[in-house]
Amino acid sequence: MFRRIGEALLIVVLGLVAYGSSLSFGFLSDDYLILRHFLIRDESVWTLWWPMFVRPLTASTWLADIRLCGPWAPGHHLTNLVLHLIVAAVLYGLARRLYPGSRGAALLSASLFVVLPVHSEAVSWITGRCDVLAALWGTAGYWAYVVYRETGRRRYETVCATIFVLFLFTKESAVAFPLVLAAHDVLARGRGQRPLGRALPWPFLVLTVVYILARGAYLGDPIGGYGQRFHLNFDPGRLFFNVASLPARCLSGTGDVAAWGAAARPILIGAGLCVWLLVVRWWRTIPSACAVLMTVAFLPTVNFGAAPGSPENERLLYWSTVFAALCVSGAIHDAVRGRTLRIAVSAALIGYALTRTWAAQADWAAAARLRDAVLGPVAAASRSSDVVVLNVPDSYRGRYVLRNGLTSAALLAAGRGSGAVEGVMLYAHRRSGDFRATQLDEGVLRLEPETGTSRLIEWPPAQGLPKLGTVIGRGPRKLLFRPERRGDRPLRVFYLDGGRSREIAPGPEGSWPRRPGSDTIR
């Protein structure tokens, strides 16, 4: 009894040490779109991000947070952190089932999982909750399926099917769940085990087909999401790199891949191939089976999600890392002899993961400071003026700042968290001869912190939005435009410089200059 309490406390403490700082990060980017949908517009959980995604269960958790906490960000972050700890607890129970003779392997699985740096985006970004919640259903459902296959008790299959339905309404990556179950059955037969009942999880496969057809009918497109260009345009080179480097990236964090630069590819591919050689060598063991399941769980996003060298979208690795933690802990248990040495190796591994997690969290904290620097003056000015934001920070070292949600963020920061969105007019520069209002909540300039420069992101032209002004001159050091007033509201122009929002006074003939230095964040 006391041992179980101690193990639970260890997992909780490690999780708080790794990700407790996220409680102070506030809202970032897409978080503001969620607040606008529920807090400002009071719309349905079925229409959030429609027609791209249908995730009513995940949306319901955000709605519950808004009902309980309103726009108080620490409450939303606390939900993410608690869900992360619950996933670790479920993983511990699954590991006890897979490694019945070793409590140490189960404890290491959960302890390592809860501190992995690759979880930074999923845990520290409120919008990343969909991946945490999806991993909860995926892990719990797989645990129930393992018990069902070992005991033949139908009630566990029913539990697994129920969890699968919850998974489907949480995130579309649930389509990989039947593949994970099928891979489990194939691997179990390879280890000389004969699964009870049918040979493959056909009911789950059929349910997946029904889900895809129903979702296609609702959205008008069975693919949905970001479209076929992302989800079906598989790149063999990227696919190979992502699969081969997945084991190493789970521990190092995808942000390190970007920092390593050109050296990252051979290092990660070499480390990944070593792991896969071990899988081939000991393919009948539980650790090798978990390595295969890790890859199967990752397949829905292997091409689109974790791009080589980029820390963005690392949340898509979250469910795969459940099996990665099981694989690593089992391998250590099998390869390292002696309890003292095993503890030392485990402690060193967890310590290294913690240092990488703290580095990732520091980047999120910097992104939050950058958001505050932009929103403070802009929100204050938007109470009585039309506002032009010349450079909107998309991300900081891959950690989202204000890629989306600029209008909603200004509304909330200005103290007007309810009412008409039209109460604030924010504008951004597009690649055209005109400035027009952007009500798409898209940041159009992406800041590159490593070089201190920015690049313009091309977006489709806004239709039917009010015109702000006309560009009358461009040059290497300035951009001139002539404003067009909207009634009696004055016009104020801001730019980001040195990590602060600064206001530009009108130039000759009512035009505004913009210098390249205004795009830096150093």
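Only this structure's heavy atoms are used, side chains among them; waters, hydrogens and symmetry mates stay out.
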Requested in this report: Output yes when a side-chain donor or acceptor of S29 lies under 3.5 Å from a complementary backbone atom of V401, and no otherwise.
Outcome: no
**Report entry** Side-chain (T355) to main-chain (Y352) donor-acceptor, under 3.5 angstrom
**Finding:** yes
Query raised in the report: Hey, is the main chain of R154 close enough, under 3.5 Å, to the side chain of T158 for a donor-acceptor pair?
Result: yes
Requested in this report: Check whether any side-chain N or O of H119 sits under 3.5 Å from a backbone N or O of F113 as a donor-acceptor pair, and report yes or no.
Outcome: yes
Requested in this report: Verify side-chain hydrogen bond (donor to acceptor under 3.5 Å, both in side chains) between S109 and S329, making sure each step is shown before the conclusion.
Outcome: CA-CA 5 Å; S109 298; S329 61; 2.4 Å; yes
Query raised in the report: Side chains of Q361 and S22: do they bring a donor and an acceptor to under 3.5 Å?
Result: no
Query raised in the report: Which residues satisfy the ring pair (Phe, Tyr, Trp, His ring centres under 6.0 Å) test with H76, sequence neighbours excluded?
Result: F27
Query - Backbone of T127 reached by a side-chain donor or acceptor of D30 within 3.5 Å - result: no
**Report entry** All side-chain contact (heavy atoms from CB on, under 4.5 Å) counterparts of L57, not counting sequence neighbours
**Finding:** W137, L166, F169, T170
Query raised in the report: Should E314 and R399 count as an ion pair when the cut-off is N to O under 4.0 Å?
Result: yes
Report summary line: Residue set satisfying side-chain contact (heavy atoms from CB on, under 4.5 Å) with V12, at least two apart, ordered chain then number -> L16, L85
Requested in this report: For the pair T321 (side chain) and Y318 (backbone), establish whether a donor and an acceptor sit closer than 3.5 Å, ignoring hydrogens and angles.
Outcome: yes
Query raised in the report: In Å and rounded to the nearest 0.5 Å, what is the CG to OH distance from L10 to Y92?
Result: 10.5 Å
Query raised in the report: Which atom pair, heavy atoms only, marks the closest approach of G138 to F167?
Result: CA-CE1, 3.6 Å
**Report entry** Check: D363 side chain, A360 main-chain N or O, donor-acceptor pair, under 3.5 Å
**Finding:** no
Query - Side chain W143, main chain L91, donor-acceptor under 3.5 Å - result: no
Requested in this report: List for me each residue that meets side chain to side chain donor-acceptor pair (under 3.5 Å) alongside R339, sequence neighbours excluded, and say none if there are none.
Outcome: none
Requested in this report: Not counting sequence neighbours, which residues clear salt bridge (Lys or Arg N to Asp or Glu O under 4.0 Å) with R342? List them please.
Outcome: none
Requested in this report: Under the salt bridge (Lys or Arg N to Asp or Glu O under 4.0 Å) rule, collect the residues that match up with R337, sequence neighbours excluded.
Outcome: none
Requested in this report: Look only at the side chain of T357 and the backbone of A18, and say whether a donor-acceptor pair between them is shorter than 3.5 Å.
Outcome: no
Query raised in the report: With A105, which residues qualify under side-chain contact (heavy atoms from CB on, under 4.5 Å), at least two apart?
Result: Y99, S102, H333
Requested in this report: Would you mind listing every side-chain hydrogen bond (donor to acceptor under 3.5 Å, both in side chains) that reaches into residues 204-215, with sequence neighbours excluded?
Outcome: E172-R215
Report task. Just jot down the ring pair (Phe, Tyr, Trp, His ring centres under 6.0 Å) partners of W62, sequence neighbours excluded, or say none. Result -> W49
**Report entry** A183 to V296 - nearest heavy-atom pair and separation
**Finding:** CB-CG2, 4.3 Å
Query raised in the report: Listed by chain and number, what are the side-chain contact (heavy atoms from CB on, under 4.5 Å) partners of R155, not counting sequence neighbours?
Result: R153
Query raised in the report: How far does OG of S173 sit from CG of L316, to the nearest 0.5 angstrom?
Result: 8.0 Å
Report task. Kindly write out the residues that satisfy salt bridge (Lys or Arg N to Asp or Glu O under 4.0 Å) with R129, not counting sequence neighbours, or none if the list is empty. Result -> D65
Report task. Quick one: sort the H184 and Y142 rings into parallel, tilted or perpendicular, breaks at 30° and 60°. Result -> perpendicular
Query raised in the report: For the side chain of R315 and the backbone of V132, is there at least one donor-acceptor N/O pair under 3.5 Å apart?
Result: no
Query raised in the report: Y19: what forms a ring pair (Phe, Tyr, Trp, His ring centres under 6.0 Å) with it, not counting sequence neighbours?
Result: H84
